[in-house]
Every structure is written in structure tokens, then in C-alpha cells.
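Below, read A as the first sequence line, B as the second, and so on, with proteins coming before strands; counting in each chain starts at 1.
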Amino acid sequence: MNKNDYNNIKIDSLLNDLPNTINKKTKNIEAGYALMRQIENKTYNSTEYLKANKSHNIRRIFAYLSSLCISLALAFLIINSQNLFFVKYIIQKTTLNNTVETIPFKSRAASGIMQEDISGDLNLEYSDALVITADNSYPVFQSAWYEGGNMYPFICINDKVFRLLSSKCDNGNIIGNKLGIVQAYAELPFNSDTSISSNYAVVDEEIYSVNNMEGTLIALAQNNEYSLFQRVSYSNVALIGKETLKDVFNVNNNVISINLSGVGNINTKENSRLFINEIIQSSKYISANDGTTFSNTMQIVLENGITLQLMIDNNSFACCGEYYFPNLYDTFISYMQ
Amino acid sequence: MKGSNRYMIEASNSKLQLRMPNEKFANIYLQYANDVLKVCYFYLKDFEKAEDICQETFIKLITTNPELELGKEKAWLLKVAINKCKDFWRSSWFKKVKLGDDGLKFIADEYEDDTIKIALLNAIQDLTPKFKETILLHYYQGYGVTEIAEILNISQGTVSSRLSRAREKLAVILKGNI
């Protein structure tokens with residue numbers, strides 16, 4: 001074997017081991033979730049895409065409406081054309097800015113509105129004869145959490161942290177078993193040797209579970225009403241033991257509506273239930289991130305009057321820990337209709 | 001059928017429908033993004049630029065939503081990524097700033113005698129792009145001559161020739177270094 005043969009054999013064996021060599025030397029190079037989110041931001045979550053998606057659906061609705069109006073117009077012109085000239089206006093109401101616009105007679109005639117539908121009265125209270133809704137409303141960001149101080153009010157039970165919600169509850173029927181009493185004051189969670197500590201509740205105040213929402217909500221009894229606390233992650237501690245998302249976000253099909261800030265609302269119970277089920281089944285746990293830097297909220301209104309909150313960032317949401325849910329915005333919008 | 005059409009059956013005409021569903025994207029990304037990023041990194045010797053090109057590649061995947069044959073997704077991604085790397089490498093800006101000249105150099109492990117492996121990685125870095133991409137696709141990504149010919153849109157003979165010449169060049173470089 002001459003020197004060239006030796007080199008060739010050596011190089012071939014080295015090249016054959018190239019995947020191991022490269023992977024070993026580039027183990028720090030990783031296309032992670034951050035890059036994934038950047039890509040999603042530039043595609044799925046871009047304003048143009050969301051608007052296009054939304055306007056696509058709105059256009060479809062208007063197409064149906066237009067067909068209906070044309071049919072009605074033809075029927076109207078044939079059957080009752082002599083009464084047409086007594087009607088002056090129709091009313092258009094949008095949820096965008098709650099303004100009322102009047103549309104001149106000619107436009108109205110073209111849209112084929114029946115005379116009886118508008119009965120000559122332009123007062124807003126009686127103007128629901130024809131309501132064309134264009135749900136472009138963008139609700140103002142509003143947090144369901146009680147805000148206060150550098151550290152939010154919390155109760156920590158056996159290393160599980162619960163954050164105070166702004167709404168209180170005076171409905172004793174939803175309150176469950178007594179979980180214990182506050183044993184110590186602590187400025188921060190985990191900063192106490194006792195099993196129940198708080199920076200908000202007074203020592204000896206009683207803590208209760210909330211019916212059908214164990215693990216997700218707790219109630220603190222104060223002055224004949226209950227302050228409610230929602231389970232969150234804190235300082236890289238999220239799920240404990242064998243907990244899953246369903247354990248810490250146990251809404252038990254009781255959702256009646258959902259608001260996603262900047263997008264809109266799911267208003268029916270059925271769609272709300274389907275959306276939440278999809279989230280619970282398809283989300284993947286990412287980290288113990290508490291989502292405090294996230295810029296959007298999802299507020300979940302329950303039948304028992306309680307509103308829970310998730311923090312939203314692109315296709316991630318923070319509940320008790322951060323979860324990845326592909327296509328979050330598109331899925332939400334699909335249930336808005 | 002030529003070039004990228006080999007992997008594509010048909011694209012949708014609707015601008016909205018054209019976009020790949022997010023879940024499908026996420027699956028493909030989680031499977032192949034690391035490979036795409038590492039190939040770009042080797043090609044350009046610059047991590048930030050490699051990340052940019054990786055991002056552009058997946059944006060193209062989403063926005064064009066090609067209907068790819070099962071198992072051909074990675075080949076499509078590498079083809080797009082390599083073409084983007086080539087465009088970037090050819091760009092006057094890249095030549096002007098000579099990115100990577102002082103960038104990617106592998107260093108031997110303090111606790112392991114991997115000097116020769118490191119020498120090989122650095123030797124691959126010193127190859128010209130056409131040899132480098134062929135070596136990476138064959139030995140790193142495991143593609144055969146036929147598949148490389150499809151990805152690079154060149155003949156199988158050219159692929160074989162490049163592989164052979166690349167090995168010779170590597171031998172010469174290593175001989176000088178070892």
C-alpha cells in the first residue's frame with residue numbers, strides 16, 4: 001500500500017464518520033423555538049395575513065348576504081313595488097366603533113330591504129331591523145389579574161403558586177372543600193418553611209378549593225366573600241409531579257366565551273368548549289416560563305362567573321408554564337365565526 | 001421535469017390556501033431545521049447569516065406551500081437553502097466583507113485526540129462551494145449521487161466527478177496539515 005492509498009482510505013473512513021464529527025462539533029448550533037417563532041411572526045402572525053384571512057371570511061359572508069339581498073329585492077320589486085318610495089333609509093351598524101350610518105334610499109332599494117323591516121323609525125333603539133355586523137372590533141388589552149406592587153399577590157400551597165385575580169366571588173355555591181389556613185407571611189413563593197404561605201392573605205385565613213376547578217383555582221375567604229387565585233408558574237417551577245395542562249387548567253367544559261386581545265371573541269359555549277378542548281389536547285409543554293413578558297391575553301369566561309387568563313405570545317400561551325399550540329391565532333379566528 | 005418540480009406535484013392557486021398549515025410547518029421544522037441550519041453554517045461559516053437563510057428557507061416553504069412527495073421535504077429544504085447560500089456567497093457584499101474568513105475554525109478537543117477529525121472539518125471549510133456542498137450532501141446528509149444531482153440540478157456524472165475531486169483535494173489539504 002503506497003502513501004496515496006493510505007491517504008485515500010483514511011479520508012474515506014474520516015468522511016464516513018463526518019455526521020458524528022459535525023454533530024459533535026456543532027452541538028450548540030440548534031434551530032430552536034425562537035427561530036421558529038420568528039418565522040411564524042413573519043408568516044402566520046403577520047398583520048397582512050391575519051387581515052387577509054379575516055377579510056376573506058368577511059367577503060364570503062357578504063357574498064352570501066348579497067345573494068340573499070338580490071333575491072329579496074327581485075321578490076320585493078315584483079310583489080310590492082308601489083310601496084318602495086315611502087321608505088327613505090336603512091341603518092347600518094358596525095361593532096367597530098358603534099356608529100350608525102344611514103344609507104340613502106337608492107342604496108337601500110338596491111339592497112332589497114323589505115319595508116316592514118325598518119318601519120320608518122331611525123332611533124337606534126329600534127334600528128335592529130337590519131343590522132349588518134362587521135366584527136372588526138379590537139378590544140383593549142385588559143388584564144384579569146389583580147395588579148399591585150413589584151410582586152403580585154399570591155398564595156403558595158406546597159410549592160404550587162396561585163395568583164390573585166381582580167374579580168371577587170360572593171357565590172358560596174361554587175366554593176368547595178377547605179384546603180387549610182395560611183400559615184405564614186412570605187414576600188416570595190417558596191420563601192417559607194410552611195406548606196401554605198402568602199404575601200396577601202393574613203395568617204389563619206382560610207383557603208378553599210373551587211368546585212370542579214381543583215388545581216386551577218383556589219379561594220381565600222375574606223369578609224363574607226372570596227378572593228380567587230389562579231394557578232401560575234413562578235421562578236422556573238410550573239408543573240409539579242405528574243401534573244398535566246389539564247390539571248392546572250381545569251375548566252371542565254364550563255367556558256361560555258373567550259376573548260383574545262387584539263383579535264376578538266368566541267361567543268358561543270359550543271365553540272368555546274371546542275377551542276379549549278383543542279388547546280388542551282394539542283398543546284406541547286415548552287418551559288416553566290410565566291409569560292409575564294407576553295403582550296396579549298386570552299380571557300376565558302366561565303359559567304360560574306369567573307374569568308381566567310392566559311398570556312399569549314404568537315403560538316405560545318402561558319398558563320402554569322409555557323405551551324406551544326400551532327396555529328393559535330388561526331384556530332381562534334376559525335371558532336369566532 | 002426539472003429542478004424543484006421534481007419534488008412538487010402542484011401548488012394551489014389561491015393566495016390564502018397557498019400558505020402551509022401551521023401544524024404541518026411545525027412538524028417539518030422540528031424534523032429538519034437543525035440539518036438546514038448546520039448545512040448553511042458550514043457553507044457560509046457565519047452563524048447569523050446561516051440563521052437568516054434557514055429562516056428565509058422556511059418562510060418560502062410556508063408561503064409557497066409546495067406539495068412535496070413524502071420523504072422529500074428535507075431535500076426540498078436543502079435545495080432552497082443551498083441556492084440561497086450560493087446567491088449570498090456570490091453577492092458582491094459577501095465577497096467584499098469576506099464573511100467567515102476569520103469565522104468558523106474548529107478546535108481540537110482538549111480531552112480527546114480528534115486532531116485529524118478537526119483537520120478534516122477545517123479542510124472541508126476550505127473547499128470551494130461546489131465541492132463543499134457535494135461533500136456535505138453525500139457524507140453529512142447521506143444523499144446518493146442521484147439525489148444530489150436532483151438537489152443541485154446537475155448531472156450524476158458531475159456529482160461523481162465532484163465527489164472524487166473533492167476527496168483528492170481533501171487528501172492534499174490534510175497531507176499538508178497532518
Identify which of B:Leu37, B:Ile135, B:Ile124 forms the greatest number of heavy-atom pairs closer than 4.5 Å to chain A. B:Leu37

Pair A:Glu322 + A:Lys284: basic N to acidic O under 4.0 Å: no

Segment of B:Ile59 engaging chain A (4.5 angstrom heavy-atom cut-off): both

Please flag which part of A:Asn23 lies under 4.5 Å from any non-hydrogen atom of chain B: side chain, backbone, both or neither. both

In this structure, are over 12 heavy atoms from other groups packed under 6.0 Å from A:Gln38 atom CD? yes

For A:Phe325, which atoms come within 4.5 Å of any heavy atom of chain B: side chain, backbone, both, or neither? neither

Measuring from A:Lys242:NZ to A:Thr244:OG1, what's the distance to the nearest 0.5 Å? 12.0 Å

So, applying side chain to side chain contact (heavy atoms under 4.5 Å, CB included) with A:Ser283, which one of A:Ile280, A:Ile286, A:Ile279 is it? A:Ile279

Does a side-chain heavy-atom distance below 4.5 Å link B:Gln141 with B:Leu136? no

Under a 4.5 Å heavy-atom cut-off, does chain A meet the side chain of B:Tyr140, its backbone, both or neither? both

